[in-house]
Amino acid sequence: MTSSELWSRETADRYDAGETETSSPAVLGPTVAFLAELAGDGRALEFAIGTGRVGVPLRERGVPVVGIELSEHMAAVLRRKVDEDTLPVTIGDMATTVVPGGFTLVYLVYNTISNLLTQDEQVECFRNAARHLEPGGRFVIELGVPPLRFLPPGQVAVPFDVSERHLGFDTFDLVEQILVSHHFSREGSDGGDGDDGRYRRDNSRHRYAWPAELDLMARIAGLELERRVADWDGASFTQDSGKHISVWRKPT
Ligand SMILES: C[S@@+](CC[C@H](N)C(=O)[O-])C[C@H]1O[C@@H](n2cnc3c(N)ncnc32)[C@H](O)[C@@H]1O
């Protein structure tokens with residue numbers, strides 16, 4: 001049993017259309033290059049592979065990729081792009097599901113560790129990554145830094161996008177370390193016939209964590225921090241960075 005919300009068929013069918021920026025060559029090029037270098041001649045395991053936004057191009061680059069994914073609807077969208085022999089996916093929880101074989105790389109991108117809503121499950125996720133890694137292998141996480149510097153006392157929400165077709169803001173439970181992202185999105189295509197002027201309301205719950213807490217989880221799982229950068233191009237991580245890409249290594 002997982003605390004993660006199950007992604008619906010509706011969300012899965014919409015996912016790729018909403019990810020034009022994160023699926024652009026400008027984003028995916030450096031992402032795939034970073035991961036391919038770490039995978040080397042070995043195999044890669046993507047936790048929460050979704051529709052294969054990253055896993056499919058990494059496979060196309062020649063890295064054998066295997067996925068674990070909770071939502072069969074998200075996996076079904078991936079399956080329209082690539083067959084099971086080329087990119088096998090197991091339906092299950094990334095904190096507990098075990099797949100055969102050893103890996104030089106396990107990765108979990110796009111803030112998705114935060115979909116596990118308890119600390120215990122996030123620790124189990126690190127343990128599960130370590131379980132799949134060969135000695136010397138790496139676990140990579142991409143995660144936003146909690147935006148609490150933008151939440152002054154007395155304010156309940158932090159906006160993260162105010163654009164023509166989308167309003168997004170986060171609210172916080174500071175005691176439980178839970179962030180809820182709220183979205184109001186214009187229905188239909190931009191200015192096209194499908195634009196009926198209505199807005200759809202969605203929200204998603206996340207357990208936010210600081211980099212230092214993740215380092216402790218990694219240590220509990222027997223992994224050592226090797227590198228932390230601010231983006232897939234390797235920019236330095238500073239106190240103003242909005243996200244981090246962290247690499248932990250399983251000792252040889
Ligand atoms: C933001 S999407 C990321 C998908 C893909 N990795 C990408 O970068 O586009 C989050 C994905 O995590 C999956 N997910 C959430 N909780 C999960 C869990 N406990 N185990 C496995 N997958 C999970 C969701 O079903 C969804 O496909």
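All of these numbers come straight from a predicted model, not from anything done at the bench. Both ligands and their constituent atoms are indexed starting at 1 by order of listing.
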- Task: Kindly indicate, with the supporting measurements, whether the criterion ring pair (Phe, Tyr, Trp, His ring centres under 6.0 Å) is fulfilled by H206 and F172.
- Result: CA-CA 10 Å; H206 305 266; F172 298 85; over 10 Å; no
Of R53, K81, R80, the one forming a salt bridge (charged side-chain N to carboxylate O under 4.0 Å, His left out) with D16 is K81
Closest non-hydrogen contact found for L133 with L223 is CD1-CD2, 4.1 Å
inquiry  = Under a 3.5 Å cutoff, is there a donor and acceptor pairing between the side chains of T171 and H182?
reply    = yes
Please tabulate protein-ligand N/O pairs under 3.5 Å for ligand 1, atom names and distances to 0.1 Å.
{"residue": "ligand 1", "atom": "6 (N)", "partner": "E46", "partner atom": "OE2", "Å": "2.9"}
{"residue": "ligand 1", "atom": "6 (N)", "partner": "A48", "partner atom": "O", "Å": "2.7"}
{"residue": "ligand 1", "atom": "8 (O)", "partner": "R53", "partner atom": "NE", "Å": "3.3"}
{"residue": "ligand 1", "atom": "8 (O)", "partner": "R53", "partner atom": "NH2", "Å": "2.8"}
{"residue": "ligand 1", "atom": "9 (O)", "partner": "Y15", "partner atom": "OH", "Å": "2.7"}
{"residue": "ligand 1", "atom": "9 (O)", "partner": "R53", "partner atom": "NE", "Å": "2.9"}
{"residue": "ligand 1", "atom": "16 (N)", "partner": "S4", "partner atom": "OG", "Å": "2.9"}
{"residue": "ligand 1", "atom": "19 (N)", "partner": "S4", "partner atom": "OG", "Å": "3.0"}
{"residue": "ligand 1", "atom": "19 (N)", "partner": "D93", "partner atom": "OD1", "Å": "2.8"}
{"residue": "ligand 1", "atom": "20 (N)", "partner": "M94", "partner atom": "N", "Å": "2.9"}
{"residue": "ligand 1", "atom": "22 (N)", "partner": "L70", "partner atom": "N", "Å": "3.2"}
{"residue": "ligand 1", "atom": "25 (O)", "partner": "E69", "partner atom": "OE2", "Å": "2.5"}
{"residue": "ligand 1", "atom": "27 (O)", "partner": "E69", "partner atom": "OE1", "Å": "2.9"}
{"residue": "ligand 1", "atom": "27 (O)", "partner": "E69", "partner atom": "OE2", "Å": "3.1"}

Item to complete: Inspect the surroundings of CZ in R219 and state if more than 12 heavy atoms from other residues, nucleotides or ligands are less than 6.0 Å away.
Response: no
- Using the six-membered ring wherever Trp is involved, compare the ring planes of H166 and F160 and label them parallel, tilted or perpendicular (cut-offs 30° and 60°). tilted
